[in-house]
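A short worksheet on the structure shown next.
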Amino acid sequence: MTYTDSAIIQVSGLHKYFGKLHVLKGIDETVMQGEKVAVIGPSGSGKSTFLRCLNLLEIPTDGTIFIDGLEITRPQAKVDAIRRKMGMVFQHFNLFPHLSVMKNITLSPYLTRDRRESTAQLSRKHFKEEINERALALLDKVGLTDKADSYPAQLSGGQKQRVAIARALAMEPKIMLFDEPTSALDPEMVREVLQVMRDLAGEGMTMVLVTHEMDFARDVANRVLFMDEGHIVERGAPEQIFTNPIQERTRSFLSKVL
Amino acid sequence: MSEFFNNLWQNFLETDSGFEFYRAFIRDDRYQLFFSGMWVTIRLSAMALLFGTLIGLFITFLSLCKSNKHTVLPIKILIKTGNIFAGIYLDIIRGTPLIVQVMLWYFVIIGPLPINLQPLLVAGIAFGVNSGAYLSEIFRAGILSVDKGQAEAGRSLGMTRFTTMWRIVLPQAIKNVLPTIANEYIVLIKETAIAFVIGVPDIIRAAQVVNSRIFNPMMPFLGATVMYYIIIKFLSIIFKILEKRLRRVDTR
Ligand SMILES: Nc1ncnc2c1ncn2[C@@H]1O[C@H](COP(=O)(O)OP(=O)(O)OP(=O)(O)O)[C@@H](O)[C@H]1O
Ligand SMILES: [Mg+2]
């Protein structure tokens with residue numbers, strides 16, 4: 001196991017309503033530091049909503065969420081500071097089309113510089129240089145050094161998603177959230193994105209991943225959550241969930257997708 | 001060469017229209033009146049564009065503010081008040097004629113105040129407040145046209161609501177509605193032509209003054225037409241260039 005035994009995400013009694021629609025019906029879940037958790041389940045079961053509650057893109061209707069020891073569901077919680085601990089990768093990349101690849105990656109680290117104490121003593125210029133260097137290193141990591149000055153419209157889907165991952169990593173998050181990062185990609189581009197994610201997993205990053213890539217989930221995840229109709233119906237090690245599910249609903253879902 | 005043109009010019013002045021031209025623009029240095037009118041129109045337009053844009057952005061901000069379940073009560077009330085204020089403002093501006101608004105500002109709102117504002121400044125305020133309403137509708141449409149994922153990406157990176165709006169959403173919104181903004185600016189410049197009702201010495205005023213001296217409206221108003229056309233052409237060229245620039249990023 002690559003993870004320690006300290007909890008980094010603790011969710012309890014999480015409910016989410018959209019108007020009258022009850023989407024999350026009491027989620028309890030703890031994710032350990034360094035853990036890779038795959039969330040699977042049928043469409044509309046609340047996977048995205050669950051993930052988005054973790055960084056408050058959706059505000060939970062009820063329940064508590066602790067991230068890295070801080071309760072983010074308190075009204076006074078410093079939302080922006082909490083989000084900086086978590087990177088999020090979206091199905092449709094959501095790169096900023098009006099900014100170059102480099103700017104996409106460096107904008108947020110640069111704009112949020114004053115609020116990060118580790119760099120308080122650095123001068124503005126020095127800080128900018130440091131951010132640029134780190135951005136280049138990240139581009140190198142995702143294999144796109146030559147695209148630094150391109151604009152998103154000039155990239156393929158797989159390249160866009162790799163830039164999006166680099167952009168999220170530039171904030172030096174402790175947790176990465178992925179919402180179906182490969183669903184919008186052509187098959188031949190899926191692999192390059194999964195490879196980047198596999199590397200990241202190998203470095204000990206805590207990852208929560210909503211996915212339809214069952215092979216990848218089996219391969220990389222430490223734990224799999226199966227969601228249906230707003231509940232986590234079953235959870236367990238990938239081998240167990242994929243080969244020997246206990247719940248009938250899990251079984252019927254897997255028989256359709258595997 | 002210069003003698004050739006000089007002759008041509010003299011010959012022109014001896015024709016009927018040449019004479020009218022001479023009376024309207026040259027005699028008593030009347031061209032100066034027109035040029036100072038044009039300069040006033042340009043200043044008025046610039047003021048109105050600036051005020052209108054700022055007011056428009058502010059109203060857009062007021063009308064898009066929303067509270068959620070974590071918002072504390074005083075802020076909630078503030079946001080609600082802002083929403084309502086923006087609604088009333090849009091309603092009044094769109095529901096009344098511009099000329100009435102201009103006169104209202106000059107005679108009723110600012111007139112009785114113990115300050116002495118130039119008609120030009122009053123007109124700038126009146127036109128700015130007016131076009132702020134239309135611009136805010138345009139900005140709002142632009143903001144709503146930007147994919148929600150853009151704001152979410154910004155927020156998920158830890159940028160504040162304001163920074164996300166300013167650096168991520170607004171640039172894309174403005175780009176999407178740039179032609180509409182250009183259009184509104186052009187309408188605004190043309191509408192400044194009614195500023196003469198409160199005595200702003202603009203292009204129209206110059207044309208009227210000259211007309212009242214020579215009793216022939218043709219040349220003065222042709223002159224006014226050309227001047228407005230030049231100002232507006234200049235603005236549209238600037239916007240064309242801007243659009244081309246902004247569009248560069250989505251070419252493959
Ligand atoms: N902003 C919203 N407003 C109203 N309803 C929403 C909203 N977001 C999601 N829903 C509803 O909540 C339910 C769960 O949606 P969610 O996106 O979490 O499902 P999902 O498991 O991610 O599905 P998929 O696999 O299709 O992405 C769906 O019925 C959806 O229509
Ligand atoms: Mg989803």
Side-chain angles (χ1 to χ4, degrees), chain A residues 17 51-52 54-62 72-100 103-105 107-112 115-116 150-156 164 167-173 176-177 179, chain B residues 64-79 139 141-179 181 239 241-252:
Chain A
Y17 285 85
L51 201 69
R52 292 158 57 84
L54 294 180
N55 69 353
L56 298 181
L57 281 185
E58 303 292 354
I59 296 181
T61 313
D62 198 12
I72 66 169
T73 36
R74 281 176 18 199
Q76 321 83 299
K78 293 197 171 61
V79 179
D80 299 323
I82 292 160
R83 287 198 181 114
R84 280 174 216 135
K85 294 184 179 180
M86 288 181 279
M88 184 155 201
V89 176
F90 301 85
Q91 181 175 355
H92 296 288
F93 332 125
N94 299 357
L95 290 183
F96 306 133
H98 60 303
L99 302 176
S100 69
K103 265 277 157 64
N104 262 274
I105 298 175
L107 183 67
S108 189
Y110 188 64
L111 289 179
T112 55
R115 303 174 197 105
R116 302 200 299 169
S150 304
Y151 280 85
Q154 299 163 321
L155 304 179
S156 73
R167 177 178 71 175
L169 291 175
M171 294 303 288
E172 302 181 309
M176 285 287 282
L177 309 173
D179 192 356
Chain B
L64 288 179
C65 265
K66 261 196 315 214
S67 41
N68 63 36
K69 77 166 211 195
H70 288 337
T71 317
V72 289
L73 192 65
I75 304 286
K76 234 178 215 158
I77 293 172
L78 205 66
I79 289 175
F139 293 148
I143 287 170
L144 295 178
S145 77
V146 176
D147 177 26
K148 249 181 71 196
Q150 290 293 311
E152 288 180 353
R155 298 308 302 281
S156 80
L157 288 166
M159 291 188 223
T160 62
R161 207 183 279 268
F162 178 81
T163 316
T164 304
M165 179 51 77
W166 191 247
R167 303 294 293 253
I168 306 298
V169 178
L170 213 51
Q172 298 180 56
I174 300 280
K175 181 185 155 206
N176 290 351
V177 293
L178 203 64
I181 293 177
F239 266 89
I241 294 172
L242 209 61
E243 246 172 85
K244 217 181 234 163
R245 274 224 164 159
L246 291 179
R247 200 146 298 139
R248 263 210 310 245
V249 302
D250 31 56
T251 45
R252 275 182 164 271

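Sequence lines set the chain letters: A, B, ... in the order given, protein chains first and strands last, and positions in each chain run from 1.
Scanning both residues, G158(B) and R84(A), for their nearest heavy atoms gives O-NH2, 2.7 Å. Contact between R167(A) and A153(B) at its shortest, heavy atoms only, is NH2-CB, 3.5 Å. The two atoms that bring S156(B) and N55(A) nearest to each other are CB-ND2, 3.8 Å, heavy atoms only.
Residue K76(B) places its NZ atom among more than 12 non-hydrogen atoms of other residues, nucleotides or ligands, all under 6.0 Å distant. More than 12 non-hydrogen atoms from other residues, nucleotides or ligands lie less than 6.0 angstrom from NZ of K85(A). By the 6.0 Å contact criterion, CZ on R161(B) is open, its count of non-hydrogen atoms from other residues, nucleotides or ligands being 12 or less.
Residues L107(A) and M159(B) have side chains in contact (heavy-atom distance under 4.5 Å, counting atoms from C-beta outward). Residues M88(A) and L157(B) fail the side-chain proximity criterion, which asks for heavy atoms closer than 4.5 Å.
Under the side-chain hydrogen bond (donor to acceptor under 3.5 Å, both in side chains) criterion, T71(B) pairs with N68(B), sequence neighbours left out. Every side-chain hydrogen bond (donor to acceptor under 3.5 Å, both in side chains) that T73(A) has, sequence neighbours left out, goes to E71(A).
Proximity to chain B is limited to the side chain of F90(A), based on heavy atoms less than 4.5 angstrom apart. Of the atoms belonging to E152(B), heavy atoms from both backbone and side chain fall under 4.5 Å from chain A. Heavy-atom distances place the backbone of T61(A), and not its side chain, under 4.5 Å from chain B. For a residue to count as touching a neighbouring chain, one of its non-hydrogen atoms must lie under 4.5 Å from one of that chain's; by this rule R52(A) touches chain B with the side chain only.
Rounding to the nearest 0.5 Å gives a distance of 9.5 Å between CG of L56(A) and CZ of R155(B). Once rounded to the nearest 0.5 Å, the distance linking CD1 of I168(B) with CG of N94(A) reads 11.0 Å. To the nearest 0.5 Å, the span separating OG1 on T160(B) from CG on L111(A) amounts to 8.5 Å.
Between the H98(A) side chain and the L246(B) main chain, no donor and acceptor come within less than 3.5 Å of each other.
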